[in-house]
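I have placed the structure first, in the form of structure tokens, so that the comments after it can refer back to it.
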Amino acid sequence: MAMTVEAQFHVLAVDDSLIDRMLIERLLKISSFHVTTVDSATKALKFLGLVEDELRTFDTHVASEIHQDIDVNLIITDYCMPGMTGYDLLRKIKESKSLKNIPVVIMSSENLPSRINRCLEEGAEEFLLKPVQQADVNKLKPHLLK
């Protein structure tokens with residue numbers, strides 16, 4: 001029996017590569033996750049209701065109002081993206097009072113220990129190496145139950 005959307009965990013997947021976005025979306029859906037995909041960290045912040053500082057000073061009420069309608073249980077993001085990196089996105093989420101408890105997982109095709117450690121120290125739950133496999137997605141479930 002399929003889970004209803006309300007009972008599913010909602011994952012926000014962020015990757016500038018269309019192929020990688022499609023792959024992670026498919027893997028997450030196989031595991032019965034509800035998935036929203038965006039192609040940049042900036043779009044992820046907008047989806048989550050966070051706006052850049054200069055906009056925030058004009059109307060913080062709008063940003064908090066937008067967030068209240070969004071229920072994201074986990075964010076999985078690519079590390080290397082143009083503009084804002086996955087690391088920058090992680091930091092902005094962990095600095096936000098309303099979003100800091102959402103688990104963040106970073107993905108990368110580059111196995112650089114210094115990068116991995118920096119992300120984990122900043123609050124990432126996991127650091128997955130691409131290509132992401134179904135076994136990697138299965139590792140995410142305990143983080144959703146926190």
Side-chain angles (χ1 to χ4, degrees), residues 6-57 59-146:
E6 291 79 30
Q8 287 181 311
F9 288 114
H10 185 187
V11 178
L12 176 61
V14 187
D15 201 313
D16 60 313
S17 161
L18 175 62
I19 292 171
D20 287 337
R21 258 193 335 270
M22 291 171 64
L23 172 64
I24 194 68
E25 181 177 18
R26 181 180 172 134
L27 291 173
L28 289 164
K29 284 185 174 180
I30 287 170
S31 293
S32 298
F33 293 117
H34 172 65
V35 184
T36 300
T37 59
V38 292
D39 63 5
S40 72
T42 304
K43 286 181 183 174
L45 290 174
K46 285 179 184 171
F47 178 80
L48 293 165
L50 284 181
V51 290
E52 293 303 316
D53 288 340
E54 62 270 12
L55 296 175
R56 187 177 298 137
T57 58
D59 197 349
T60 51
H61 182 66
V62 172
S64 60
E65 218 172 82
I66 293 168
H67 173 69
Q68 290 172 0
D69 296 332
I70 299 164
D71 190 18
V72 173
N73 303 101
L74 182 125
I75 298 163
I76 184 164
T77 181
D78 184 26
Y79 180 89
C80 193
M81 295 182 289
M84 183 185 294
T85 68
Y87 176 75
D88 296 331
L89 176 60
L90 168 69
R91 292 191 62 210
K92 286 199 176 285
I93 289 166
K94 295 305 175 185
E95 289 169 2
S96 164
K97 289 179 183 173
S98 59
L99 302 176
K100 68 181 179 185
N101 293 325
I102 299 175
V104 179
V105 173
I106 308 282
M107 307 176 285
S108 180
S109 55
E110 298 173 333
N111 188 1
L112 300 173
S114 60
R115 177 182 292 175
I116 295 168
N117 290 335
R118 190 170 67 155
C119 289
L120 294 173
E121 287 168 5
E122 198 63 44
E125 300 293 329
E126 293 276 347
F127 192 102
L128 304 177
L129 290 175
K130 291 182 176 180
V132 176
Q133 309 281 327
Q134 192 64 49
D136 295 320
V137 171
N138 294 341
K139 283 192 230 174
L140 303 180
K141 290 180 181 178
H143 299 298
L144 292 166
L145 302 175
K146 286 185 175 179

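All values below come from the heavy atoms of this structure, side chains included, with hydrogens, waters and symmetry mates left out. In this chain, numbering begins with 1 at the start of the sequence shown.
- Minimum interatomic distance between G123 and K94 (heavy atoms only, all atoms of both residues): O-CE, 3.6 Å.
- When atom types are taken as modelled, the side chain of H34 and the backbone of Q8 share no donor-acceptor pair closer than 3.5 angstrom.
- Using a cut-off of 4.0 Å between Lys/Arg side-chain N and Asp/Glu carboxylate O, R91 and D88 are scored as not salt-bridged.
- The number of heavy-atom neighbours closer than 6.0 Å to CG of L18, taken from other residues, nucleotides and ligands shown, is above 12.
- Panel note: side chain S31, backbone F33; no donor-acceptor pair is recorded below 3.5 Å.
- When all heavy atoms of A44 and V14 are compared, the pair lying nearest together is CB-CG2, 3.7 Å.
- Among E110, M107, R118, the single residue meeting the side-chain contact (heavy atoms from CB on, under 4.5 Å) criterion with Y79 is R118.
- Proximity of D78 to D20: side-chain heavy atoms (C-beta onward) are nowhere separated by under 4.5 Å.
- Considering CG of L129 and CD of E126, their distance stands at 11.0 Å, rounded to 0.5 Å.
- A distance of 13.5 Å separates NE2 in H143 from CG in N73, rounded to the nearest 0.5 Å.
- Minimum heavy-atom separation, A124 to L90: N-CD1, 3.8 Å.
- Between E25 and R21, none of the side-chain N atoms (NZ, or NE/NH1/NH2) sits under 4.0 Å from a carboxylate O, so this pair counts as no salt bridge.
- Under the 4.5 Å side-chain criterion, counting only non-hydrogen atoms from C-beta, I102 is not in contact with L12.
- Between the side chains of N117 and S114, no donor-acceptor pair of N or O atoms lies under 3.5 Å.
- Expressed to the nearest 0.5 Å, how far NE2 of H10 lies from OG1 of T36 amounts to 2.5 Å.
- I19 is not listed as a side-chain neighbour of L23, based on a closest heavy-atom distance of 4.5 Å or more.
- The shortest side-chain heavy-atom distance between T42 and L45 does not fall under the 4.5 Å cut-off.
- Side chains of I106 and T77 form a contact here, defined as non-hydrogen atoms less than 4.5 Å apart.
- Y87 places none of its side-chain heavy atoms less than 4.5 Å from the side chain of R115.
- What you find for I76 and I24 is that their closest heavy atoms are CD1-CD1, 3.8 Å.
- Of the inter-residue distances, the one linking Q134 atom CD with L28 atom CG reads 8.0 Å to the nearest 0.5 angstrom.
- A heavy-atom distance below 4.5 Å is found between the side chains of L48 and I75.
- Of the inter-residue distances, the one linking S17 atom OG with K130 atom NZ reads 6.0 Å to the nearest 0.5 angstrom.
- When every heavy atom of D15 is checked against every heavy atom of M81, the shortest pair comes out as CA-SD, 4.0 Å.
- Taking CZ of F47 as the start and OG1 of T37 as the end, the distance is 10.0 Å to the nearest 0.5 Å.
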